[in-house]
Amino acid sequence: MAEKFYITTAIDYANDLPHVGTAYEKICADAIARYKRLAGYDVYFTMGNDEHSINVKKEADRLGYSDTAAYCDEMAVRFEEVWRKLHISYSDFIRTTEPRHRKGVQKLFRKIHDAGDIYKGHYEGWYCESCEAFLGEKDLVGGQCPHHKRKPEWIQEENYFFALSNYQDRLFDHITAHPDFIRPESRRNEILSLIRGGLEDISISRSSFDWGIPLPMDPSHVIYVWIDALSNYITVLGYGEAESDLWRYWPADVHLIGKDITRFHCVIWPAMLLSAGIALPRTIFGHGFIDFEGRKMSKSQRHAVQPLDAVERYGADALRYFLLREVTFGQDGDFSWERFEQRYNADLANDLGNLLSRSVAMAGRYFEGVVPHRDPSGDRILMDQARQTLDRVDAAMSDLQLHTALDAIWELVRAANRFVEAKAPWALAKDPSRRAELETCLYDLLENLRHLAVFLYAFMPKNS
RNA sequence: CGCGGGGUGGAGCAGCUUGGUAGCUCGUUGGGCUCAUAACCCAAAGGCCGCAGGUUCGAAUCCUGCCCCCGCUACCA
């Protein structure tokens, strides 16, 4: 039985189409998932849409939908279309409005409740309607919301709370004892200092609107959207069902998420799992953001790139390659058309494309396209290089260093181009007595292309 | 004292965990080859690795202080 590997991506708000930053996360996860499959693992890879956000409802209202669910249905279709065009090989796509999710969330909620970690309390504070959030005294400037220049209202609400503070010490100990629990290290440090500063209980229900999953013990409240969303990682494995074959994939080996939501994943989610008596995930990896032309992407300013624009112009593999190679995994990166075209031309077209082109042309010209035989006594320069590349790629992928893996592969590409220069097969072809050398040279080149195709499969599945 | 990220040849970046001749891509200059996509290969120029101290035989890499840029506060991964 193959060892299992479970990787998840964050589920996305269904109120707008994914931009390149959103796609980046799925592409990274897909590369990891494909690599693991190639390495023989039994991989499960999930993604989905988060549909219970109040922002989703507002967007549906704005567009004139009388039924928010109908809007979500359409968005789910469009999201999945984008992911398919990027060749994202996900195992399942979960939507938070699905019955299986609702059942799972309520089950988890009940578990936490039974553990004594949910209580009813009052929530009160200054509420800015424009921010849709409570503001602390120290946030106010002259008694006003600093962003909207208006006086917030004092609101009191009766809410259910999750006793997050109960888990402060256990979380801290777990993170300290497991260096790979939160990655990269900078995020880990951030979370540790956050916990050190003390955790407060959080409000986990809303009664001011009904777009969401009702509390099992009080249907007048809906469950806070983050509790709802985080649960997807287990509901997609059938947590809400009596029996699920998929449960063998838990715990997750990697939760791949954006750096902005590390707090939810590294504090609240593990605390929920601890409370419910469920095993914790192995690694939570917070990747960086992708800027566009040097500036943060923004939907309102229409400063963003649609992944499909890039796919139409250069193909999915080119976009995947650019993001995986150009961005140091874990850090922020920048997408610009200029850089993209540069990478495309230099790496894909010239280095790799030309290598393929010249190799195949020579095989055709000298051997009528038939792969020649190798002289066993010939040197193994290129073969040895490929062997080293395999080791380097494997080490890099085990450590989730996607950009390093591609670096290593491209060194092999350049080595192959150098190999051609060194062997000068066009000169060998003019000398019949060196026929064996020529055959070996071409054999090695073609064999190397085959190796490259395997190496590149995880990153560029279409063309490899 | 809010939290965090970054400052490396003209541009964009890696290296920093586990100190020991500063590396990659693009660009520039010169050369080579002709199988191939005006491609590919070789060579050269170009950096006091933000600043100042400290630890060390030795620091881009560890420690301390400072400066500058960016993100978190507005839908957003």
Side-chain angles (χ1 to χ4, degrees), chain A residues 9-13 15-16 18-26 28 50 53-56 58-59 62 128 130-133 135-136 138-139 141 145-148 179 184-187 189-191 193-194 197 256-263 286-291 294-304 325-328 330-334 336 338-339 341-343 345-366 399 401 403-404 407 410-411 413-429 438 441-442 445:
Chain A
T9 58
I11 55 176
D12 299 298
Y13 279 148
N15 60 348
D16 199 357
H19 54 58
V20 162
T22 325
Y24 171 65
E25 176 177 301
K26 317 307 173 195
C28 291
D50 183 358
S53 162
I54 196 63
N55 293 314
V56 174
K58 280 164 112 179
E59 182 66 6
R62 192 182 72 77
C128 170
S130 301
C131 290
E132 273 197 292
L135 303 175
K138 61 174 190 259
D139 296 328
V141 177
C145 166
H147 312 300
H148 300 96
E185 200 182 348
S186 53
R187 316 263 187 262
N189 293 337
E190 196 174 346
I191 296 299
S193 87
L194 178 79
L256 185 60
I257 58 168
K259 65 177 185 179
D260 57 330
I261 52 177
T262 47
R263 291 178 178 207
H287 64 74
F289 281 179
I290 307 297
D291 288 350
R295 267 170 45 220
K296 191 182 177 189
M297 291 201 215
S298 160
K299 286 181 180 175
S300 59
Q301 290 172 37
R302 291 220 214 102
H303 183 71
R325 176 73 189 276
E326 183 87 358
V327 182
T328 302
Q331 293 198 23
D332 290 353
D334 186 55
S336 77
E338 190 188 344
R339 302 282 308 162
E341 281 158 20
Q342 201 177 11
R343 277 286 184 197
N345 288 326
D347 295 358
L348 295 180
N350 296 347
D351 288 345
L352 180 62
N354 188 42
L355 174 66
L356 175 71
S357 172
R358 69 200 307 199
S359 303
V360 171
M362 285 189 283
R365 179 183 297 210
Y366 305 139
D399 197 33
Q401 299 284 326
H403 65 292
T404 308
D407 258 347
W410 245 257
E411 256 183 51
V413 171
R414 291 197 203 88
N417 273 321
R418 278 196 297 276
F419 178 81
V420 175
E421 304 295 329
K423 296 287 181 186
W426 50 90
L428 297 176
L438 180 63
C441 170
L442 263 294
L445 270 178

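Atom set for the values below is all heavy atoms of this structure, side chains included, hydrogens, waters and symmetry mates excluded.
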If only side-chain N and O atoms of [X] are considered, is one of them under 4.0 Å from the OP1 or OP2 phosphate oxygen of [N]?
X        : N     : result
A/Asn350 : B/C40 : yes
A/Asn15  : B/C75 : no
A/Lys296 : B/C72 : yes

Indicate, with a heavy-atom threshold strictly under 4.0 Å, whether A/Asn417 touches base, sugar-phosphate, or nothing.
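The residue A/Asn417 makes sugar-phosphate contact but no base contact.
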
Just checking A/Tyr24: base, sugar-phosphate only, or nothing, at a heavy-atom cut-off of under 4.0 Å?
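It contacts nothing in the nucleic acid.
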
Could you measure between the two [atom1] atoms, the one in [N] and the one in [M], and give it in whole Å?
N     : M     : atom1 : result
B/C72 : B/A77 : C1'   : 14 Å
B/C1  : B/G65 : P     : 15 Å
B/C16 : B/C63 : P     : 14 Å

Residues in side chain to side chain contact (heavy atoms under 4.5 Å, CB included) contact with A/Ile261, at least two apart in sequence or another chain:
A/Ala10, A/Trp226, A/Ile257, A/Phe264, A/His265

Tell me, please, which residues at least two apart from A/Asp332 pass side chain to side chain contact (heavy atoms under 4.5 Å, CB included).
A/Lys259, A/Phe289

Nearest listed nucleotide, side chain of [X], among [options]:
X        : options             : value
A/Glu190 : B/A77, B/U37, B/C3  : B/C3
A/Arg358 : B/A77, B/G4, B/C35  : B/C35
A/Asn55  : B/C40, B/C75, B/A77 : B/C75

Between N or O atoms, less than 3.5 Å apart, protein on one side and nucleotides 14-16 of chain B on the other: list the pairs.
residue	atom	partner	partner atom	Å
B/A14	OP1	A/Thr328	OG1	2.5

By ring pair (Phe, Tyr, Trp, His ring centres under 6.0 Å), which residues pair with A/His19, not counting sequence neighbours?
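Residues passing ring pair (Phe, Tyr, Trp, His ring centres under 6.0 Å) with A/His19: none at all.
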
State which residues pass salt bridge (Lys or Arg N to Asp or Glu O under 4.0 Å) with [X]; sequence neighbours excluded, sorted by chain then number.
X        : answer
A/Arg62  : A/Glu59
A/Asp260 : none
A/Arg339 : A/Glu326
A/Asp399 : A/Arg183

Strand RNA chain B in bracket notation, Watson-Crick/G-U under 3.5 Å with | for pairs to another chain
.(((((((.[[[[.)....(..]]]].(((((.......))))).....[[[[[..)....]]]]])))))).....

Those residues at least two apart in sequence (or on a different chain) that pass side-chain hydrogen bond (donor to acceptor under 3.5 Å, both in side chains) with A/Asp16 are none

Enumerate, atom names and distances included, each donor-acceptor pair closer than 3.5 Å involving a side-chain atom of residues 417-427 of chain A, sequence neighbours excluded.
residue	atom	partner	partner atom	Å
A/Asn417	OD1	A/Arg358	NH1	2.8
A/Asn417	ND2	A/Asp351	O	3.2
A/Glu421	OE2	A/Arg358	NH2	3.0
A/Lys423	NZ	A/Asp379	OD2	2.4

Show your working on side chain to side chain contact (heavy atoms under 4.5 Å, CB included) between A/Asp407 and A/Arg325 and close with a plain yes or no.
CA-CA 7 Å; A/Asp407 258 347; A/Arg325 176 73 189 276; 2.8 Å; yes

Polar-atom pairs under 3.5 Å, protein N or O versus N or O of nucleotides 25-32 of chain B: list them with distances, or write none.
residue	atom	partner	partner atom	Å
B/C26	O4'	A/Gln342	NE2	3.3
B/C26	O2'	A/Gln342	NE2	2.0

